[in-house]
Number of protein chains: 2
Amino acid sequence: MNCPQILENIQNHISLSTSEKKLFVSYLKVNDVSKKERILQQGDICKAIFFVESGSLRAYNFNDEGKDSTIMFAVQDWWITDMNAFVNQKESLLSIELIEDSRIVELRFSALEEIYQKIPKFERFFRILFQNAYVREQLRVLDNISYSTEDRYYRFVEKYPQVVQKVTQKQIASYLGVTPEFLSKVKNK
Amino acid sequence: MNCPQILENIQNHISLSTSEKKLFVSYLKVNDVSKKERILQQGDICKAIFFVESGSLRAYNFNDEGKDSTIMFAVQDWWITDMNAFVNQKESLLSIELIEDSRIVELRFSALEEIYQKIPKFERFFRILFQNAYVREQLRVLDNISYSTEDRYYRFVEKYPQVVQKVTQKQIASYLGVTPEFLSKVKNK
DNA sequence: GACTAGTCTTAAACTATGTTATTTTTTTAC
DNA sequence: GTAAAAAAATAACATAGTTTAAGACTAGTC
């Protein structure tokens with residue numbers, strides 16, 4: 001296992017020696033997963049965090065009334081999991097499904113705990129990763145509470161053009177929190 | 001300067017030696033700030049992150065149409081800043097105002113950079129802080145896109161009873177992203 | 001190449017939320 | 001303690017978003 005892509009992602013923020021790289025990579029598992037498969041099922045314990053080498057995924061919640069709400073999309077070089085369920089090792093609120101055939105790197109909870117101990121620099125890497133994730137979500141909350149649906153749609157398209165190419169309009173609607181019918185109306189008015 | 005409260009908050013997650021505590025505390029500045037004052041003004045560079053020793057604050061954005069959107073409240077033992085503006089040292093999208101007279105500990109950007117270098121354990125502390133913040137915001141996004149206003153109001157009240165005691169209904173409405181008139185209707189129906 | 005299932009569009013009727021304005025209640029400032 | 005200011009409640013009307021249902025348009029499967 002070589003994993004140059006995830007190592008490059010990490011080395012954007014911290015630098016690793018050859019032996020550290022080797023150790024880190026030994027904890028990883030690479031999987032080829034097909035379109036429509038799920039790598040996490042709502043209700044299950046979330047045992048891993050995932051890095052997308054290629055392809056695309058969608059994390060969503062399915063509620064009692066049958067409403068599907070997209071929490072995030074992930075494309076190449078993104079990390080994704082149900083972070084709440086992962087860090088507390090409890091039942092997941094989210095499912096994660098494949099939008100297309102993808103190559104996914106898996107890092108398990110217990111492995112990450114060991115990595116933090118053996119290579120403390122990873123605390124820094126994940127500090128930066130979570131810092132960015134927090135900022136992103138906070139900006140999304142601001143979008144949600146202060147912009148109209150129309151504005152939010154166009155802001156989404158501008159911010160994530162790589163995502164827009166891969167997902168359906170129905171999935172974008174579920175990310176924005178509106179019905180596909182209403183999004184269609186907004187776009188075509 | 002003694003600062004037992006912020007040290008206790010930190011030592012919930014990492015342990016510090018006496019000399020590390022002393023060094024860390026030397027970077028802090030404690031301010032007593034009065035109700036209605038602002039410790040951060042939208043448009044200004046965000047130079048510090050704040051820890052609330054006592055009192056309460058509100059971070060909000062004021063947009064072109066005059067709409068006030070509350071991004072977060074902070075009460076005793078919470079950290080608050082415009083994280084996007086802070087970590088990138090750029091213009092703030094948010095203002096932070098005092099809800100009541102408060103004692104605020106200030107940690108400046110350049111100080112935090114030095115702390116990360118001198119006491120790498122702080123990478124771990126902030127990794128955990130941001131991890132929790134990310135999880136919180138992600139759950140809030142899910143609330144925003146999948147629940148009704150009524151449900152979100154009661155979920156907010158249940159989750160943050162300490163906040164509810166201190167803020168106006170108008171401020172809660174601006175946190176939920178609805179008008180005060182509508183929140184009043186929802187509550188009293 | 002035709003069948004199928006899923007997506008997208010459109011529209012009418014309905015519900016949720018916003019706007020404006022007025023009154024009542026609570027808080028703040030002297 | 002009183003006057004002024006802000007917050008909260010209420011209501012009539014306007015706009016945003018949902019529901020349901022139907023038809024047009026893909027994309028995937030044999």
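Lettering of chains follows the sequences in order, A, B, ..., and the numbering in each one begins at 1.
Residues B:S92 and B:L94 come closest through the heavy atom pair OG-O, 2.7 Å.
Here C:dT17 is the nucleotide among D:dT20, D:dG17, C:dT17 with the atom lying nearest to any side-chain atom of B:T149. In this structure, of C:dT19, C:dT17, D:dA9, it is D:dA9 that holds the atom nearest to the side chain of B:Q169. Nearest to the side chain of B:S184, among D:dT19, C:dT7, D:dT10, sits D:dT10. Among the nucleotides D:dA9, D:dA7, C:dT9, the one closest to the side chain of B:N188 is D:dA9. The side chain of B:K36 sits closest to C:dT28 out of C:dC8, D:dG28, C:dT28.
Note: NZ (B:K67) to C1' (C:dT17) measures 10 Å, nearest angstrom. Atom CD in A:E181 sits about 11 Å away from atom P in C:dC8, given to the nearest Å. A straight line from NZ of B:K187 to C1' of D:dT10 spans 14 Å, rounded to a whole angstrom. In this structure, the CG atom of A:L183 is 8 Å from the P atom of C:dT9, given to the nearest Å. The nearest whole Å value for the distance from the OH atom in B:Y153 to the C1' atom in C:dT17 is 17 Å. The nearest whole Å value for the distance from the CD atom in A:E65 to the P atom in C:dA16 is 13 Å. If you measure from atom CZ of A:F182 to atom P of D:dT15, you get 14 Å, rounded to the nearest angstrom. In this structure, CG of A:D68 is placed 14 Å from P of D:dT18, rounded to the nearest angstrom.
In this structure, B:S95 OG and B:I39 CD1 are separated by 10.5 Å, a value rounded to the nearest 0.5 Å.
Using a 4.5 Å heavy-atom cutoff, the side chains of A:Q131 and B:R127 are not in contact. Residues A:Q171 and A:F73 form a side-chain contact, since some pair of their non-hydrogen atoms from C-beta on lies under 4.5 Å apart.
Toward the 5' end of DNA chain C, the nearer of the two residues B:K185 and B:K35, judged by each one's closest nucleotide, is B:K185.
A cation-pi arrangement is found for B:R155 relative to B:Y147, the charged atom lying closer than 6.0 Å to the ring centre and inside a 45° cone about the ring normal.
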